[in-house]
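Single-structure report; data block below.
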Amino acid sequence: MTVENQSSVSEFLLLGLPIWPEQQGVFFALFLGMYLTTVLGNLLIILLIRLDSRLHTPMYFFLSHLALTDITFSSVTVPKMLMIMQTKRKSIPYAGCLSQTYFFIFLADLDSFLITSMAYDRYVAICHPLHYTTIMSQSVCVKLVLGSWVIACACALLHTLLLAQLSFCADNTIPYFFCDLAALLKLSCSDTSLNQLVIFTAGLTAIMLPFVCILVSYGHIGATILRVPSAKGICKALSTCGSHLSVVTLYYGAIIGVYFLPSSNSTNDSNIIASVMYTVVTPMLNPFIYSLRNKDMKGALRKLLSKRTYSSN
């Protein structure tokens with residue numbers, strides 16, 4: 001059955017951000033700056049990890065994939081949001097909306113699995129340092145990343161295929177700046193019980209289960225640190241894991257607040273703000289978190305800049 005037979009809606013209208021018209025220019029410049037910072041900052045992380053052999057370790061292997069995912073994740077939603085703010089053209093074709101939904105779910109789940117892999121890497125490094133190189137071998141790291149891609153792709157494909165089977169009638173207005181799956185289900189005039197069930201089960205697999213694994217990993221890390229109450233050891237552990245915990249708090253806090261803790265007092269505006277946090281703010285902050293708070297990344301950046309200064313002379 002074709003897409004045209006399933007839906008009488010040829011396009012959707014994205015309302016965008018709840019901003020007063022006179023503030024559009026300011027917010028356009030703000031979000032454009034944030035998007036460019038996200039792209040350039042994460043590209044810098046990938047470049048540094050690629051060029052500096054000291055960063056060819058499991059943690060930075062996962063970080064390079066996370067940086068690439070963050071660039072793509074922001075590119076799925078932010079350019080369209082900026083176009084709406086600049087041109088006032090709020091329509092998005094039906095096929096384009098489904099495509100955006102697929103890539104949004106795929107990259108959000110991939111982000112979740114990569115962050116979990118990084119938590120496992122820190123757990124092994126701190127709790128089992130003598131066996132670190134054996135446990136976190138290159139083949140294991142590749143399998144973790146490859147498995148993350150496969151599972152995230154399967155989850156996104158399942159959601160999108162089920163979404164394509166739904167019919168959409170008169171109302172085609174989405175009160176968000178992107179094609180959010182939950183918002184699309186509310187617009188459908190078909191039975192969405194199966195979709196809701198898949199959202200619950202896939203959400204447990206792709207979001208809540210990784211989040212629990214991260215909490216368990218850091219619980220073991222905390223217990224290991226407390227067994228050896230050395231000020232130097234605590235500072236080193238906090239330095240190593242602090243940046244990762246910052247990402248976990250921002251990313252999972254916003255997603256769980258929007259999708260897993262529904263409240264009768266929640267409004268579209270509050271959900272949009274939370275969505276901006278994990279689609280725009282978190283990918284932008286990752287380069288600052290991992291570069292400004294990490295001496296290895298700062299050392300690689302100084303080495304790159306010194307090489308460019310030397311070559312220019």
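What's counted below: heavy atoms across the whole structure, side chains too, no hydrogens, waters or symmetry copies. Positions are given from 1, in the same order as the sequence printed here.
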*Spatial distance of atom CZ (F62) from atom OG1 (T116) [nearest 0.5 Å]*: 10.5 Å
*Nearest 0.5 Å, what's the OG-CG distance between S64 and N42?*
11.0 Å
*Flag the pair Y123 / Y218 as yes when their ring centroid distance falls below 6.0 Å, and as no otherwise.*
no
*Hphob cluster co-occupancy, L30 + M85, side-chain heavy atoms under 4.5 angstrom*: yes
*asked:* Can a donor-acceptor pair be found, under 3.5 Å and without considering hydrogens, that links the side chain of T282 to the backbone of M277?
replied: yes
*asked:* Can you confirm whether Q196 is buried at CD, in the sense that more than 12 heavy atoms of other residues, nucleotides or ligands lie under 6.0 Å from that atom?
replied: yes
*Side-chain touch S10/P93, heavy atoms, less than 4.5 angstrom*: no
*Would you check if L48 and M297 make a side-chain contact, meaning some heavy-atom pair closer than 4.5 Å?*
yes
*Can you label the angle between the F106 ring and the Y102 ring as parallel, tilted or perpendicular, going by 30° and 60°?*
parallel
*Gap between atom CG of D180 and atom SG of C97 - 0.5 Å precision*: 9.5 Å
*asked:* Assess the residue pair L82 and F31 against the criterion (side-chain contact (heavy atoms from CB on, under 4.5 Å)); give the C-alpha distance rounded to whole Å, side-chain angles, the decisive distance to 0.1 Å, and a yes or no.
replied: CA-CA 7 Å; L82 293 174; F31 282 106; 3.8 Å; yes
*Under 30°, 30 to 60°, or over 60°: which ring-plane class applies to F73 and F104, parallel, tilted or perpendicular?*
tilted
*asked:* If you apply the rule side-chain contact (heavy atoms from CB on, under 4.5 Å), what do you find for V78 with Y35, and how did you get there?
replied: CA-CA 7 Å; V78 178; Y35 177 64; 3.7 Å; yes
_Y176 versus S275, closest heavy-atom pair with distance_ = CE2-OG, 4.1 Å
*Hey, what do you get for NZ (K80) to OG (S75), rounding to the nearest 0.5 Å?*
15.0 Å
_I'd like to know whether L215 forms a side-chain contact (heavy atoms from CB on, under 4.5 Å) with Y252, so could you lay out the CA-CA distance, the side-chain angles of the two residues, the decisive distance to 0.1 Å, and finally the verdict._
CA-CA 11 Å; L215 293 180; Y252 284 99; over 6 Å; no
*Measure across A300 and L55 and return the closest heavy-atom pair with its distance rounded to 0.1 Å.*
CB-CD1, 3.7 Å
*Counting only N and O atoms by type, is there a donor-acceptor contact under 3.5 Å from the side chain of S188 to the main-chain atoms of S167?*
yes
*Closest approach of I105 to A156 (non-hydrogen atoms, all atoms of both residues)*: CG2-CA, 3.8 Å
*Could you check if a side-chain atom of L187 sits within less than 4.5 angstrom of a side-chain atom of N172, using non-hydrogen atoms only?*
no
*Does some side-chain heavy atom of F177 sit less than 4.5 Å from a side-chain heavy atom of I84?*
no
*Counting distance only, does the side-chain N/O of Q100 pair as donor-acceptor with the main-chain N or O of T77 below 3.5 Å?*
no
*asked:* For the backbone of C179 and the side chain of T101, can you confirm whether one donor and one acceptor N or O come within less than 3.5 Å of each other?
replied: yes
*Is there a donor-acceptor pair under 3.5 Å between the side chain of D109 and the backbone N or O of A206?*
no
*Please check if L204 and L194 belong to a single hydrophobic cluster, counting links between Ile, Leu, Val, Met, Phe, Trp and Tyr side chain heavy atoms closer than 4.5 Å.*
no
*Below 4.5 Å, heavy atoms only, C-beta onward: do L15 and I174 meet side chain to side chain?*
no
*State whether the side chain of T72 and the backbone N or O of L68 hold a donor-acceptor pair below 3.5 Å, judged by distance alone.*
yes
*asked:* If you count heavy atoms of other groups shown closer than 6.0 angstrom to CZ of F28, is the number above 12?
replied: yes
*Side chains of D111 and Y278: do they bring a donor and an acceptor to under 3.5 Å?*
no
_Sidechain-backbone polar pair: S74 side chain, I71 backbone, donor-acceptor under 3.5 Å_ = no
*Taking all atoms of both residues into account, what is the closest heavy-atom pair of A274 and A254, and its distance?*
O-CB, 3.5 Å
*Check whether any side-chain heavy atom of I255 lies under 4.5 Å from a side-chain heavy atom of F211, and answer yes or no.*
no
*If you take all heavy atoms of H159 and A202, which pair is closest and at what distance?*
NE2-CB, 3.5 Å
*Would F178 and I273 show up in the same hydrophobic cluster when neighbours are defined by side-chain heavy atoms closer than 4.5 Å?*
no
*With a 4.5 Å limit on heavy-atom distance, are the side chains of F12 and T173 in contact?*
no
*Reported CG-to-CG distance for the pair D70 and L107, which is rounded to 0.5 angstrom*: 9.5 Å
*asked:* Once rounded to the nearest 0.5 Å, what's the spacing between atom OG1 of T160 and atom CG of L181?
replied: 8.0 Å
*Do Y60 and H56 have their ring centres less than 6.0 Å from each other?*
no
*Please check if I214 and I151 belong to a single hydrophobic cluster, counting links between Ile, Leu, Val, Met, Phe, Trp and Tyr side chain heavy atoms closer than 4.5 Å.*
no
_4.5 Å side-chain heavy-atom contact, V140 and S137_ = yes
*asked:* Would you say that more than 12 heavy atoms from the other residues, nucleotides or ligands in this model lie under 6.0 Å from the CZ of R50, or not?
replied: no
*Do Y251 and V216 sit in the same hydrophobic cluster, where Ile, Leu, Val, Met, Phe, Trp and Tyr count as joined when their side-chain heavy atoms come under 4.5 Å apart?*
no
*How close do Q24 and I19 get, heavy atom to heavy atom, and via which atoms?*
NE2-O, 3.8 Å
*May I have the step-by-step check of side-chain hydrogen bond (donor to acceptor under 3.5 Å, both in side chains) for D121 and Y132, ending in yes or no?*
CA-CA 8 Å; D121 173 77; Y132 179 74; 2.5 Å; yes
*Determine, stepwise, if the pair F168 / L163 fulfils side-chain contact (heavy atoms from CB on, under 4.5 Å).*
CA-CA 10 Å; F168 296 90; L163 182 62; 4.0 Å; yes
